[in-house]
Amino acid sequence: GYLSLCHENRATGAAELEVRFELRRALRTELLWSSTLKETEPMTGQGPAALASAIQSAMSRLVQQAATGIIEAAQPLNENP
């Protein structure tokens, strides 16, 4: 996958992230799961430290969402390898 958006929205005082995730079968091009996930996290202050903290919180949620999607997509593979 790739990070397609990571910035501070000064109008809203929030960090915005967008990440594209893809799960493919090893050694094949077969796409098993993909998703573009977006998160916004309000900043608790101003400056680089507040932005970094907001990005970290938003990224944690994105990774959890991706993990859930990957686990669900991998279930049939575990049943029929």
Side-chain angles (χ1 to χ4, degrees):
Y2 57 89
L3 178 66
S4 57
L5 176 70
C6 179
H7 76 107
E8 174 185 359
N9 183 330
R10 292 185 180 173
T12 63
E16 297 178 346
L17 296 176
E18 182 176 289
V19 180
R20 172 73 179 172
F21 292 95
E22 293 183 353
L23 175 65
R24 295 182 181 274
R25 189 180 285 267
L27 305 175
R28 298 184 192 169
T29 60
E30 177 186 1
L31 183 63
L32 301 173
W33 174 84
S34 67
S35 184
T36 300
L37 303 174
K38 299 175 185 179
E39 280 290 334
T40 300
E41 178 68 21
M43 293 172 51
T44 59
Q46 295 181 350
L51 178 58
S53 179
I55 288 171
Q56 182 179 9
S57 295
M59 186 60 78
S60 293
R61 289 194 306 275
L62 285 174
V63 169
Q64 183 61 47
Q65 292 173 43
T68 299
I70 290 167
I71 289 167
E72 290 173 3
Q75 286 293 357
L77 299 177
N78 292 332
E79 296 166 3
N80 301 308

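Numbers here simply count residues along the sequence, with the first being 1.
- A donor-acceptor distance shorter than 3.5 angstrom exists from the side chain of S4 to the backbone of E18, with no hydrogens or angles considered.
- Cluster annotation: L3 is connected to I70 through the hydrophobic network of ILVMFWY side chains, with a link wherever side-chain heavy atoms come within less than 4.5 Å.
- Between the CD atom in E39 and the CD atom in Q64 there is a gap of 11.0 Å [rounded to 0.5 Å].
- Criterion: ILVMFWY side-chain heavy atoms under 4.5 Å apart, direct or through other members. Under it, L5 and L62 are not part of a common hydrophobic cluster.
- Here the straight-line distance linking atom SG of C6 with atom CG of L51 works out to 7.0 Å at 0.5 Å rounding.
- Here the OG1-CZ distance, from T29 to R24, works out to 6.5 Å after rounding to the nearest 0.5 Å.
- Within the model, atoms CD of E41 and OG of S53 stand 7.5 Å from one another, a figure rounded to the nearest 0.5 Å.
- Of all heavy-atom pairs spanning L32 and A73, the tightest one is O-CB, 4.1 Å.
- Summarising the geometry of S34 relative to E22, their closest heavy-atom pair is CB-CG, 4.0 Å, with the distance given to 0.1 Å.
- Looking at L17 and R61, their side chains never come closer than 4.5 Å, going by heavy atoms from C-beta outward.
- Heavy-atom minimum distance, A15 versus M43: N-CG, 4.1 Å.
- Put simply, the side chain of S60 gets close to the backbone of Q56: a donor and an acceptor are under 3.5 Å apart.
- Within the model, atoms CD of Q65 and CG of L37 stand 5.0 Å from one another, a figure rounded to the nearest 0.5 Å.
- For the atom pair CD (E72) and CG (L23), the distance works out to 12.0 Å, reported to the nearest 0.5 Å.
- With R20 contributing its side chain and G1 its backbone, the two residues share no donor-acceptor pair below 3.5 Å.
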